[in-house]
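Input: a single structure, listed below in structure tokens.
First the proteins, then the strands, lettered A, B, ... as listed; each starts at 1. Because only heavy atoms are used, hydrogens play no part in the values below, and waters and symmetry mates are left out as well, while side chains stay in.
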2 protein chains.
Amino acid sequence: MLYAGFMSAAPPPFPTPQEPVGHPELIQLGSALEADEPCLRADAARNRARLLEAAARLVAERGADAVTMEAVAAAACVGKGTVFRRFGDRTGLLTALLDHSEKKFQAAFLAGPPPLGPGAPPVERLRAFGRAMLRRSHDELELQLAAEPGANRRFTAPPRRVLRHHVAMLLRQAVPEADCELLSHTLMGQLDPALIHHLTEQCGMPLARLEDAWVDLVDRVTGEAPAR
Amino acid sequence: MLYAGFMSAAPPPFPTPQEPVGHPELIQLGSALEADEPCLRADAARNRARLLEAAARLVAERGADAVTMEAVAAAACVGKGTVFRRFGDRTGLLTALLDHSEKKFQAAFLAGPPPLGPGAPPVERLRAFGRAMLRRSHDELELQLAAEPGANRRFTAPPRRVLRHHVAMLLRQAVPEADCELLSHTLMGQLDPALIHHLTEQCGMPLARLEDAWVDLVDRVTGEAPAR
DNA sequence: TTACAATCCGGACCGGGGTCCGCTTAACGT
DNA sequence: ACGTTAAGCGGACCCCGGTCCGGATTGTAA
């Protein structure tokens with residue numbers, strides 16, 4: 001079972017906007033673009049699909065900055081209000097755009113083959129997790145960056161929570177005596193898209209250095225011998 | 001010599017807005033409110049003072065959210081454009097508000113008494129640094145949070161850079177073989193105001209736990225024996 | 001087929017950040 | 001005192017994210 005609720009949870013009534021509610025965290029798979037969302041009126045589903053398609057086209061043709069709520073609405077021949085009802089806010093829309101990749105990634109570390117998936121020792125999985133995250137973020141950097149929620153919700157946004165919980169779990173296995181809750185925040189900080197962008201694009205660091213640093217960090221934190 | 005240039009550097013001409021320029025990082029001390037900025041026309045200095053005072057009053061009376069550029073301008077009997085020319089953007093204004101405390105803090109770890117200042121062994125100084133940061137951020141949380149720059153400039157904003165450089169320096173002394181540049185990013189992540197806010201306010205963690213986690217993290221990263 | 005209720009739609013509207021440019025004024029040389 | 005000029009000023013203006021609500025659509029039950 002994969003987490004996927006951050007989209008269906010977003011646009012309930014509308015008068016009562018969103019506020020991520022509880023944590024109905026476990027839902028079955030389902031693509032974002034192929035709009036198989038449940039309980040959506042025909043026209044609503046159609047518009048939802050149109051909107052995602054329009055947004056994707058915009059980001060492809062003119063970059064993430066061009067993904068204005070108005071622009072998306074216009075490109076999808078739909079009212080602005082519709083965009084907000086469906087996706088809550090800009091972050092929600094961008095997040096929806098990343099939903100597919102997100103779920104694939106979750107599947108990989110929750111149920112895929114080792115060392116990313118279960119089967120390998122936790123430290124090994126941590127190393128693999130970081131490498132995978134770094135590469136994924138590096139590829140989708142523009143979108144990931146644009147989808148970053150404002151300083152507040154940066155830690156409550158569901159996708160991040162899932163990743164962090166996973167790291168925390170691995171940490172508990174590797175270093176049970178530590179404060180893994182907080183340690184997971186620390187590790188995830190190293191994988192923050194904004195940081196990756198800053199280091200690779202603005203500082204010109206090669207991605208490999210980030211990967212090395214991640215592995216090194218994991219080793220230090222878990223007290224593992226620097227296996228390099 | 002303390003860093004203090006992030007304010008005087010912000011509002012040069014105006015047609016050419018800001019863009020942090022090079023790094024004229026070392027400038028002498030000087031209070032923010034007592035407007036002793038150099039090369040400012042009399043009226044400009046006066047307005048600058050008025051603006052800072054108005055902003056401070058607003059944040060005190062109605063919270064940081066009420067610090068609207070328009071509101072500040074109005075409260076200072078000044079045009080909106082003036083606020084932007086002087087401080088660049090909202091973040092700049094809020095940063096200016098924190099300037100005094102910032103400089104005091106810098107003075108403490110650059111030239112103050114050990115263990116925060118020079119004299120103590122680097123690991124000791126790191127521990128003290130984290131504790132100090134946590135307490136300071138916890139006190140000024142609202143402002144710190146409001147002053148947080150958008151995802152982009154989060155790592156290029158001068159005040160943060162100085163802190164990070166300091167941590168990197170201490171790290172180089174403590175663990176010369178590590179990638180201290182990246183490690184400093186990791187450590188600073190643990191002291192991010194947004195994270196502190198999330199953990200203490202939203203998750204209800206006591207500040208002491210954050211302090212313990214910091215010390216533990218420093219120990220792990222530097223390979224120090226968990227001296228607790 | 002018709003009627004009804006729940007859901008959805010769309011665009012007018014609002015507030016706030018940021019920009020622009022014609023006018024004003026402080027600073028300085030004579 | 002006066003003229004010149006660069007610096008400063010202010011508010012109209014634009015864009016965008018987000019909200020609201022009267023009216024249109026859909027699904028359904030009779």
How bent is the helix from dT1(C)-dA30(D) to dT30(C)-dA1(D), comparing axes over its five end pairs at each side, to the nearest 10°? 0°

Would you tabulate the side-chain donor-acceptor contacts of residues 64-77 of chain B under 3.5 Å, counting partners in other chains and residues two or more places apart, or write 'none'?
none

Any protein N or O atoms within reach of nucleotides 14-17 of chain D? Criterion: under 3.5 Å, listing atom names and distances.
unit_1  : atom_1 : unit_2   : atom_2 : d
dG17(D) : OP2    : Met69(A) : N      : 3.1
dG17(D) : N7     : Lys80(A) : NZ     : 3.0
dG17(D) : O6     : Lys80(A) : NZ     : 3.3

Find the distance between OG1 (Thr200(A)) and CG (Leu195(A)) and round it off to the nearest 0.5 Å. 9.0 Å

Those residues at least two apart in sequence (or on a different chain) that pass salt bridge (charged side-chain N to carboxylate O under 4.0 Å, His left out) with Arg62(A) are none

In plain terms, say whether Arg172(A) and Glu181(A) are close enough for a salt bridge, that is, a side-chain N and a carboxylate O under 4.0 Å apart. yes

Atom CZ of Phe87(B) to atom C1' of dG18(C): distance rounded to whole Å? 16 Å

Arg85(A) has an atom CZ; how far is it from atom C1' of dC21(D), in whole Å? 11 Å

Could you measure the distance from the CD atom of Gln106(A) to the CG atom of Leu163(A)? Nearest 0.5 Å is fine. 6.5 Å

Can you list the residues that meet the salt bridge (charged side-chain N to carboxylate O under 4.0 Å, His left out) rule with Arg90(A), with sequence neighbours excluded? none

For Arg57(B), check salt bridge (charged side-chain N to carboxylate O under 4.0 Å, His left out) against everything at least two apart and list the hits. none

Taking the nucleotide of DNA chain C with the closest heavy atom to each, which residue, Thr91(B) or Thr82(A), is nearer the 5' end? Thr82(A)

Return the set of residues passing side-chain contact (heavy atoms from CB on, under 4.5 Å) with Arg41(B) (not counting sequence neighbours), or none when no residue passes. Asp43(B), Ala44(B)

Grab the CG-P distance between Leu93(B) and dG16(C) for me, whole Å please. 15 Å

Checking Arg46(B) now: which residues fulfil salt bridge (charged side-chain N to carboxylate O under 4.0 Å, His left out) with it, not counting sequence neighbours? none

For DNA chain C, find the residues of residues 140-152 of chain B with a heavy-atom distance under 4.0 Å and give them by number; none if there aren't any. none

Please identify each residue that fulfils side-chain hydrogen bond (donor to acceptor under 3.5 Å, both in side chains) with Asn152(A), with sequence neighbours left out. none

When you check the phosphate oxygens OP1 and OP2 of dC9(D), does a side-chain N or O of Asn47(B) lie under 4.0 Å from one of them? yes

Residue pairs, two or more places apart or on separate chains, that pass ring pair (Phe, Tyr, Trp, His ring centres under 6.0 Å) and touch residues 142-162 of chain A: Phe155(A)-His185(A), Phe155(A)-His198(B)

Less than 4.5 Å apart, side chain to side chain, heavy atoms only: is that true for Arg154(A) and Glu148(B)? yes

Pull out every protein N or O sitting under 3.5 Å from an N or O of nucleotides 26-30 of chain C, one pair per line with the distance.
unit_1  : atom_1 : unit_2   : atom_2 : d
dA27(C) : OP1    : Ala42(B) : N      : 2.7

Can you measure Leu94(A) atom CG to dG18(D) atom P for me and round it to whole angstrom units? 11 Å

Any chance you could lay out the side chain to side chain donor-acceptor pair (under 3.5 Å) test for Ser101(A) and Glu140(A), step after step, and finish with the verdict? CA-CA 9 Å; Ser101(A) 142; Glu140(A) 304 168 337; 2.6 Å; yes

